[in-house]
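The structure that follows is given in the form of structure tokens.
Whatever order the structure lists ligands and atoms in, that order sets their numbers, starting from 1.
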Amino acid sequence: MPPESLRCKECQNTYPLDARYVCERCFGPLEVAYAPREHVDPDELRRRIQAGPHSIWRYTDFLPVAAPPRGTLPAGWTPLLRADRLADQLGLGELYIKNDAANPTHSFKDRVVSVALARARELGFQTIACASTGNLANAVAAHAAAAGLESYVFIPADLEEQKVLATGVYGTHLVAVRGNYDDVNRLCTELSGEHEWAFVNINMRPYYSEGSKTLAFETVEQLGFQLPDRVVCPIASGSLFTKVARGFEEWIELGLVAGQRPTFNGAQAAGCSPVASAFAAGRDFCKPVKPDTIAKSLAIGNPADGPYALELARASGGSIDSVTDDEIRAGISLLAKTTGIFTETAGGVTVAVLAKLAERGDIDPGERVVAYITGEGLKTLDCARGTFEQWEIEPTVASFEQASERLAAVA
Ligand SMILES: *Cc1c(COP(=O)(O)O)cnc(C)c1O
Ligand SMILES: [Zn+2]
């Protein structure tokens with residue numbers, strides 16, 4: 001299914017497959033359009049996929065690149081785990097956690113960066129850049145290093161220290177901007193007009209966003225070529241949310257999997273919930289907000305794909321919900337205690353929204369549900385501080401017994 005053109009999502013005008021992202025006629029966003037397939041044999045296609053590498057490149061047929069790149073950090077093929085103890089706690093039936101923290105730089109951003117960077121190399125770019133809420137910075141710096149390309153990474157100056165350190169180590173040009181993500185994004189949009197750089201989430205955005213489809217493909221494959229009934233996904237710009245849906249749709253259209261598109265539930269932090277607010281108000285557009293939340297990786301106040309996320313949640317019978325910072329911390333803790341997976345704040349948002357849906361009775365116990373855990377807890381360590389007890393003792397048995405008795409008395 002070779003990529004054919006870039007096409008405007010609003011007016012359908014088409015453009016060549018180069019570094020551009022906005023329609024010159026109507027300013028709508030561009031996305032990749034593929035040539036229609038003739039004579040698809042689903043069995044043959046399935047066999048081809050299964051013979052591929054254990055990375056997103058087993059899905060090259062569905063991605064906007066001419067060929068899989070060589071010698072890069074392999075992203076994807078992360079575990080899909082059945083989470084029975086979490087399901088029991090929430091009163092749910094068949095529940096799975098897709099753990100995308102198990103990527104090279106510990107978030108789902110390795111998928112989207114891999115695709116954008118592969119296309120950028122095909123187009124001849126020497127320098128890669130991004131406007132990041134944190135995880136994108138890690139991924140761009142690492143994948144550029146692996147490919148031997150120069151990189152510029154722009155982040156809000158108040159980013160978590162763990163994410164800053166885990167980016168700088170790769171030898172990128174790390175630029176901390178005194179402003180929030182939306183300021184960083186505006187600056188980078190201006191810079192992309194001044195420099196011959198591939199900004200993965202600006203002028204390469206149509207390619208970048210296609211990378212998220214691989215989360216849907218993997219889910220289907222790991223379920224034995226079956227669909228979930230419902231998925232819960234975090235929303236920042238709304239790219240992940242809408243492209244996971246696109247992934248399921250493509251495979252249903254091709255006959256690779258039977259059934260219908262799952263119900264889509266979006267998850268936002270209350271401190272930055274422009275899409276959840278629009279959903280609740282019955283609006284089909286988002287009002288920009290100023291983010292104030294511990295879920296910094298989701299802190300986009302003006303989400304580019306907000307209207308499409310709203311449309312998807314409504315059309316699929318789902319919803320978009322928001323949770324407070326305390327609920328996010330509780331979500332991190334619940335996931336850790338029931339599955340052994342330590343997620344960052346974005347994963348806490350997803351689990352807290354899953355819990356809210358379960359409590360509200362929105363999920364039938366007969367449903368097969370997949371929750372997307374998109375990042376690693378070690379990157380937002382501060383949120384774990386103060387959430388548990390620790391004993392400090394002298395290195396003697398007596399000291400241990402004493403502490404043990406004291407703690408038992410308190411409990
Ligand atoms: C970037 C990111 C998302 C989703 O971002 P979108 O802009 O909505 O695609 C989700 N979780 C984490 C951890 C992220 O870093
Ligand atoms: Zn247009």
*Determine, for Arg314 against Asp284, whether the closest basic-nitrogen to carboxylate-oxygen distance falls under 4.0 angstrom.*
no

_Glu94/Arg230 salt bridge by N-O under 4.0 Å criterion_ = no

*asked:* Taking 2.8 Å as the limit, list every protein N, O or S atom around the Zn ion (ligand 2), by chain and residue number.
replied: Cys8 SG, Cys11 SG, Cys23 SG, Cys26 SG

*Between Arg47 and Glu44, is there a side-chain N and carboxylate O pair less than 4.0 Å apart?*
yes

*Identify whether the distance between the nearest side-chain nitrogen and carboxylate oxygen of Asp18 and Arg119 falls below 4.0 Å.*
no

*Is the closest side-chain donor-acceptor distance between Gln222 and Lys98 under 3.5 Å?*
yes

*Answer yes or no: is there an ion pair linking Arg37 with Glu253, defined by an N-O contact shorter than 4.0 Å?*
no

*Have a look at Glu31 and tell me which of Lys243, Arg205, Arg20 forms a salt bridge (charged side-chain N to carboxylate O under 4.0 Å, His left out) with it.*
Lys243

_Any carboxylate oxygen within less than 4.0 angstrom of a Lys/Arg side-chain nitrogen, looking at Lys213 and Glu210?_
yes

*Is it possible for you to check whether Arg7 lies under 6.0 Å from the centre of the six-membered ring of Tyr15, through NZ or CZ, and within 45° of that ring's axis?*
no

At less than 3.5 Å, what protein N or O atoms come close to the N or O atoms of ligand 1? Include the distances to 0.1 Å.
residue	atom	partner	partner atom	Å
ligand 1	7 (O)	Ser237	N	2.8
ligand 1	7 (O)	Ser237	OG	2.5
ligand 1	8 (O)	Ala236	N	2.8
ligand 1	8 (O)	Ser237	N	3.1
ligand 1	8 (O)	Gly238	N	2.9
ligand 1	9 (O)	Leu240	N	2.9
ligand 1	11 (N)	Thr374	OG1	2.7
ligand 1	15 (O)	Lys109	NZ	2.8
ligand 1	15 (O)	Asn135	ND2	2.8

